[in-house]
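Below, each value reflects all heavy atoms present in this structure, side chains not excepted, and no hydrogens, waters or symmetry copies.
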Amino acid sequence: MAQQDALSRNFGVADTPEGYQEVEGFHLDLERYWIEARTLKFWIAGIIALGIVFGLIATLLSTQLYRANARIEISQVAANVTDLDPLESEGLVSELQYLNTQYELLESRFMAVRVIEAGNLMRDEAFVDAFQLAEQEDLTQQDVEDLLLENVSIVPIALSSLVDIQFSSPSAKLSADLTNLWTEEFIAANYEKRFGANIEARDFLRDQISELREQLSISERELVEYANANEILVLDNVGAVAGSDTASQTLIASDLTALNRALAAAVTDRIAAQAAVISGDFPSHDPRNQLRSALVEAEAELASLQSNFGPDYPALIQKEAEVQSLQEALSGEARNALQAATIRERELRGQLEQVKGRFLGQQGQGIQYGILKREVDTNRELYDALLQRFKELEASGAGQNNLKLIDSADAPEEPYAPSLIRNMLIALVASFGIATVLVYLRVALSQTLRDPQDVQRRLGLPMLGMIPKIRSDDIAGEILLRSSELSEAYKSARTNLSFLTPQGAPKALMLTSSVPAEGKSISAAALATSFSHLGKRVLLIDADLRNSKLADTLGVKGHGKGGLAALLTNNAPLGSEVIRLEDFGFDYVPIGHKPPNPVELLASPRLAELIDEARGTYDQVLVDGAPMLSLADAIEMSRAVDGVIYAIETDRLKMRAIETSIDRLRRTGAQVYGAIVTKLDEHGAAYGYGYGYGYGYGYGDGGAPAAAD
């Protein structure tokens, strides 16, 4: 842990503040995307060019569209011009909620259905021709609804209660007509919604009133026809009594009443006349009282004459004759009056009997007449009540609509689409989007080590060195040339190794890789040379007993010594197989002859003994181990050294394979100190991992690889 902490402090790959690490990682990710974009620049350019061509073709082939615009004002509360309350109270909602509700209603399928029905669009030739609906088979109303909803747009005006209703179509006139129709239907639908109960009630009452008016007319006609057929003449109902309304209203009833009154008067007159005849006393108002007075006066004069004169007195005889004449006249008048009264009484009684018979005959007809009359009265009362309620609803339904048309739609003069500028912008945005997705997928799906930062990010290993890819075939010359890019890169790696422990670089280190030809052997030789430049005694052991190329790199072919294989099979001292390479400045132990059983030799304690012996003699011991592959050579060698340095070639193996190999080492207890990334080309150098010495040397020229393993 102390070694890892020291490495973290010096390399800055861990233990940094969390926020800084996130920001730095994000910056590196952006940089990686930029590098991938540069790598795919020709692909990106082709995508953009293709997008522009498609945009141009789409513009030329697109149908011209015209957009009409109408504007309405939506007020939340509408004034009521009558004193009557509406049937439904308005809900108290916020203005924003109310406006959003209206916007959604404007774009609802409910409105599309109303517009289709109001404009009869399914049979409208202009509409069908404009959208070429005649060519579609099995066209349904839902298809037309979807078409309308696709072409209508609602644009609220910010910070106002105004909203624009727009409709686009291939025809300028059709766009204006449908926009206006949509606006009108929405305003009408809103009015029906606000006063729908009143409207429905009025419609219902209108139907009821019409039906009741017909019933009233029929009942009145039946009443009149019945009265005419039965000669029932209705006068009035003055003086009517309960249960006899009809009788008191007919002409016969009126005649019967008059005859009854006349008969009563005649009977009275007859009785008075009869009494007068008997008693000779007449009423004071009777005209015969004059004869009576004359008679009384004559009798008085007669009495006076009789008292003064004798019976033969002429004046007396004359007065007696006058009195007798007056008496006879008065008696005749009384008898005549009695006879006249009797005759009048008899005649009135006969007429009364006749009228009474007619009245009694009309009583049965009056019952049916009363039924018809009550039906007429009932219908008239119902008609008057419904008519009054209808008038009230007419008054309460006269509220103003809270939606007002501000500007109606006019036929646009020019099409709004297709727009070449807009299509080009869309094509560019789409092209850049596709290019971005391509770059992202290239980075996300990348299975190899392309960014050296992935050593720390994905493998969890410190980055010890980044070695450029060179084009020279003289690898040894590049290593020996201290000013070369290769030499400078390994100097940096050597410096990083010196910070692995507080005491400096671990004394015995093995270099391995996942597969051959990843640069581990060159790295071992270059690190040994770099350590020797510090004046250290360095031993490089070639332990790749299966397929070593280190001898070819160092130019020591054909050396006669038995090498490491001989040291592992006998107890010869280490110095007996050491070769001094003066040009490189370090000692070298070759593999010698390839043994048939390399794993058994490397697993023997002899290798650890040789390493311990080298520790006592040399300042730095480097072992060029075998690649991991699926072999156990490197695992066995890792037990004899202080730690392992892992060489990874850029953009060659899948990260999963590298992770598996390193995990195998760690499970055996090996200390993997870090990794050296080899053969960085311009792609890897573009991530910012450079040394200021022009790592672009040889980039893009197809130069030879750094060398064999």
Query raised in the report: How about Tyr103: does its OH atom have over 12 heavy atoms from other parts shown lying under 6.0 Å from it?
Result: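 Correct, the count exceeds 12.
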Query raised in the report: Does CG belonging to Leu60 count more than 12 external heavy atoms closer than 6.0 Å?
Result: yes
Query raised in the report: Are Glu73 and Lys404 ion-paired here, with the side-chain N under 4.0 Å from a carboxylate O?
Result: no
Is there a side-chain contact between [X] and [Y] in this structure, where contact means two heavy atoms from C-beta onward sitting under 4.5 Å apart?
{"X": "Ile47", "Y": "Phe432", "result": "no"}
{"X": "Ile157", "Y": "Val163", "result": "no"}
{"X": "Leu387", "Y": "Leu212", "result": "no"}
{"X": "Pro418", "Y": "Gln64", "result": "yes"}
{"X": "Tyr98", "Y": "Ile74", "result": "yes"}

**Report entry** Donor on one side chain, acceptor on other, Glu375 and Ser219, under 3.5 Å
**Finding:**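 There is no such pair between these side chains.
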Report task. Using distance alone, with no hydrogens and no angle criterion, decide if Asp143 and Thr140 have a side-chain donor and acceptor under 3.5 Å apart. Result ->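 Result is yes, a qualifying pair exists.
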Hey, does the side chain of [X] reach the backbone of [Y] with a donor-acceptor pair shorter than 3.5 angstrom?
{"X": "Asn402", "Y": "Ser75", "value": "yes"}
{"X": "Ser210", "Y": "Asp207", "value": "no"}
{"X": "Ser168", "Y": "Leu65", "value": "no"}
{"X": "Asn69", "Y": "Gln166", "value": "no"}

When rounded to the nearest 0.5 angstrom, what distance separates [atom1] in [X] from [atom2] in [Y]?
{"X": "Leu174", "Y": "Phe131", "atom1": "CG", "atom2": "CZ", "value": "6.0 Å"}
{"X": "Arg109", "Y": "Leu148", "atom1": "CZ", "atom2": "CG", "value": "10.0 Å"}
{"X": "Ile116", "Y": "Glu145", "atom1": "CD1", "atom2": "CD", "value": "4.5 Å"}
{"X": "Ile434", "Y": "Ile44", "atom1": "CD1", "atom2": "CD1", "value": "12.0 Å"}

**Report entry** side-chain hydrogen bond (donor to acceptor under 3.5 Å, both in side chains) contacts touching residues 419-433 (sequence neighbours left out)
**Finding:**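 Residue pairs with at least one partner in residues 419-433: Thr59-Asn423.
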Query raised in the report: According to the side-chain hydrogen bond (donor to acceptor under 3.5 Å, both in side chains) rule, which pairs have a member within residues 113-127, sequence neighbours left out?
Result: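 Output for this query lists Arg114-Glu185, Arg114-Glu192.
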Query raised in the report: Is there any salt bridge (charged side-chain N to carboxylate O under 4.0 Å, His left out) pair reaching into residues 210-221, and which pairs are they, with sequence neighbours excluded?
Result: Glu220-Arg380
